[in-house]
Amino acid sequence: GWPLDSHTYGGSFLYHLNEDTPMVAVGFVVGLDYTNPHLSPFKEFQRFKTHPSVRSTFEGGKRIAYGARALNEGGIQSLPKMVFPGGALIGCSPGLLNVPKVKGTHNAMKSGMLAAESVFDAISKESGAVLDYEERFRQSWVYKELHTVRNFRPAFSSKLGVWGGIAYSSLMYLTRGREPFTLKHHGLDSNRTRPAAQCKPIDYPKPDGEVTFDLLSSLALSGTNHDHDQPPHLTLRDDKIPTSHNLPVFGGPEQHFCPAGVYEFVPQESGEGSRLQINAQNCLHCKTCDIKDVSQNINWVTPEGGGGPAYDGM
């Protein structure tokens with residue numbers, strides 16, 4: 001969707017909330033298999049709000065919250081084994097999102113109910129039997145729903161781009177998922193990124209402070225916080241790769257894809273060259289960097305408990 005080009009998957013949502021004062025929830029989704037390393041999902045979101053059809057919705061309003069997260073778009077093609085010794089994968093973690101509808105809360109809740117029923121039966125039998133949660137899941141309407149839309153997202157990654165995806169999605173609503181084939185995903189999103197020299201730089205307009213805003217003032221609304229003395233949850237496997245490979249070849253995409261301004265290239269103290277600075281305290285725990293880093297050099301580990309964004313009403 002606008003303002004993305006015809007080979008970049010993405011779209012938006014805008015909901016009017018049933019509150020005493022007029023409120024809207026707005027968001028912009030960008031598929032992380034985009035190819036242009038100059039692209040900034042945050043700045044594309046700001047550009048989206050300037051479209052004549054929605055700009056008037058925001059004019060005169062006030063920002064009250066901001067956040068970001070990565071969505072699991074793999075569908076049934078990417079479902080992991082959902083039961084393991086001592087636990088099960090439920091909710092959004094295994095990837096139960098209905099991608100065409102950008103909707104997954106109902107599936108997440110149902111998966112929790114199925115897991116609870118499976119655990120209850122296992123305890124009642126006192127047999128120590130392996131949980132049948134995964135079998136229950138595959139017999140449920142959740143699996144049927146995901147199977148129906150299984151080819152939607154891969155269709156947008158074909159050589160035909162967005163137009164091919166639109167054509168297929170029209171067919172999908174006619175076949176209701178009964179097509180006799182299942183499309184495959186293309187591989188790692190990070191591998192789709194092209195060298196900067198092969199892509200056109202994007203000239204993003206400056207924020208106007210009314211409808212469009214800068215990243216750091218938006219980040220402040222997330223309430224994110226991490227104790228300054230906790231072990232870093234964002235590290236590099238090789239400190240040299242960002243400046244020896246990512247920056248000269250790809251233009252340093254980590255400074256663009258992060259919606260929290262965690263990564264920035266700053267001058268070396270010696271005045272020669274630059275280094276990658278990691279502002280881990282800004283992190284929103286969206287895990288975009290873990291997915292999109294072209295060198296897969298960023299090591300994202302679970303941070304200390306209690307840290308991260310403090311979303312209120314999101």
Side-chain angles (χ1 to χ4, degrees), residues 9-11 13 15 17 25 27 29-33 67-157 169 172-173 175-179 181-185 187-189 284-288 290-291 300-303 305-306 308-314:
Y9 178 84
F13 60 85
Y15 299 111
L17 306 182
V29 181
V30 179
L32 292 180
D33 56 351
R69 61 162 294 186
L71 303 176
N72 297 355
E73 295 182 336
I76 61 170
Q77 294 96 317
S78 303
L79 286 179
K81 183 175 176 59
M82 300 175 71
V83 176
F84 54 91
L89 295 177
I90 63 174
C92 293
S93 55
L96 307 184
L97 178 73
N98 182 321
V99 177
K101 296 182 178 180
V102 197
K103 183 180 179 183
T105 304
H106 61 310
N107 291 342
M109 293 173 65
K110 181 62 176 179
S111 70
M113 295 166 66
L114 293 170
E117 292 169 357
S118 181
V119 170
F120 181 82
D121 284 354
I123 294 175
S124 299
K125 294 175 182 177
E126 296 183 351
S127 61
V130 177
L131 295 180
D132 61 353
Y133 161 58
E134 193 158 0
E135 180 181 346
R136 290 174 183 260
F137 170 78
R138 292 185 179 276
Q139 296 298 321
S140 71
W141 54 259
V142 177
Y143 185 86
K144 181 179 180 181
E145 177 178 319
L146 296 179
H147 184 269
T148 299
V149 300
R150 69 191 183 282
N151 289 327
F152 179 85
R153 183 62 179 90
F156 280 85
S157 299
S169 61
M172 180 195 73
Y173 280 104
T175 62
R176 299 284 182 180
R178 290 190 292 270
E179 55 268 32
F181 56 86
T182 297
L183 300 177
K184 295 182 179 180
H185 294 293
L188 294 178
D189 289 340
L284 291 173
H285 301 180
C286 71
K287 298 217 66 179
T288 298
D290 201 27
I291 300 168
W300 198 108
V301 297
T302 305
Y311 296 138
D312 183 13
M314 290 184 61

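We're numbering straight along the sequence, starting at 1.
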On a heavy-atom basis, which atom in [X] and which in [Y] lie closest, and how many Å separate them?
| X | Y | result |
| --- | --- | --- |
| Pro154 | Leu183 | CB-CB, 3.7 Å |
| Asp132 | Ser118 | OD1-OG, 2.7 Å |
| Glu134 | Pro80 | OE2-O, 4.2 Å |
| Gly95 | Leu79 | O-CD2, 3.8 Å |
| Asn72 | Ser93 | ND2-O, 3.3 Å |
| Gly74 | His185 | O-NE2, 2.8 Å |

Roughly how far apart are [X] [atom1] and [Y] [atom2], rounded to 0.5 Å?
| X | Y | atom1 | atom2 | value |
| --- | --- | --- | --- | --- |
| Phe13 | Lys103 | CZ | NZ | 14.0 Å |
| Met82 | Ser111 | CE | OG | 6.5 Å |
| Ile90 | Leu96 | CD1 | CG | 10.0 Å |
| Asn107 | Lys101 | CG | NZ | 9.5 Å |
| Lys184 | Arg150 | NZ | CZ | 14.0 Å |
| Leu146 | Phe137 | CG | CZ | 5.5 Å |

Original post:
Tell me the salt bridge (Lys or Arg N to Asp or Glu O under 4.0 Å) pairs involving residues 74-99, sequence neighbours left out?
Top reply: none

Kindly indicate whether the side chain of [X], heavy atoms from C-beta on, has any atom under 4.5 Å from the side chain of [Y].
| X | Y | value |
| --- | --- | --- |
| His106 | Trp141 | yes |
| Val99 | Val149 | no |
| Tyr9 | Val30 | no |
| Leu114 | Ser140 | yes |
| Ser78 | Ile76 | no |
| Leu284 | Arg69 | no |

**OP:** For atom CD of Glu117, decide whether the heavy atoms of other residues, nucleotides or ligands shown that lie under 6.0 angstrom number more than 12.
**Re:** yes

**OP:** Answer yes or no: are there more than 12 heavy-atom neighbours, outside Phe120 itself, under 6.0 Å from its atom CZ?
**Re:** no

Original post:
Given Asn151 and Gln77, is the side-chain contact (heavy atoms from CB on, under 4.5 Å) satisfied, shown in steps?
Top reply: CA-CA 9 Å; Asn151 289 327; Gln77 294 96 317; 4.0 Å; yes

Original post:
Does a donor on one side chain and an acceptor on the other come within less than 3.5 Å for Ser157 and Asp33?
Top reply: yes

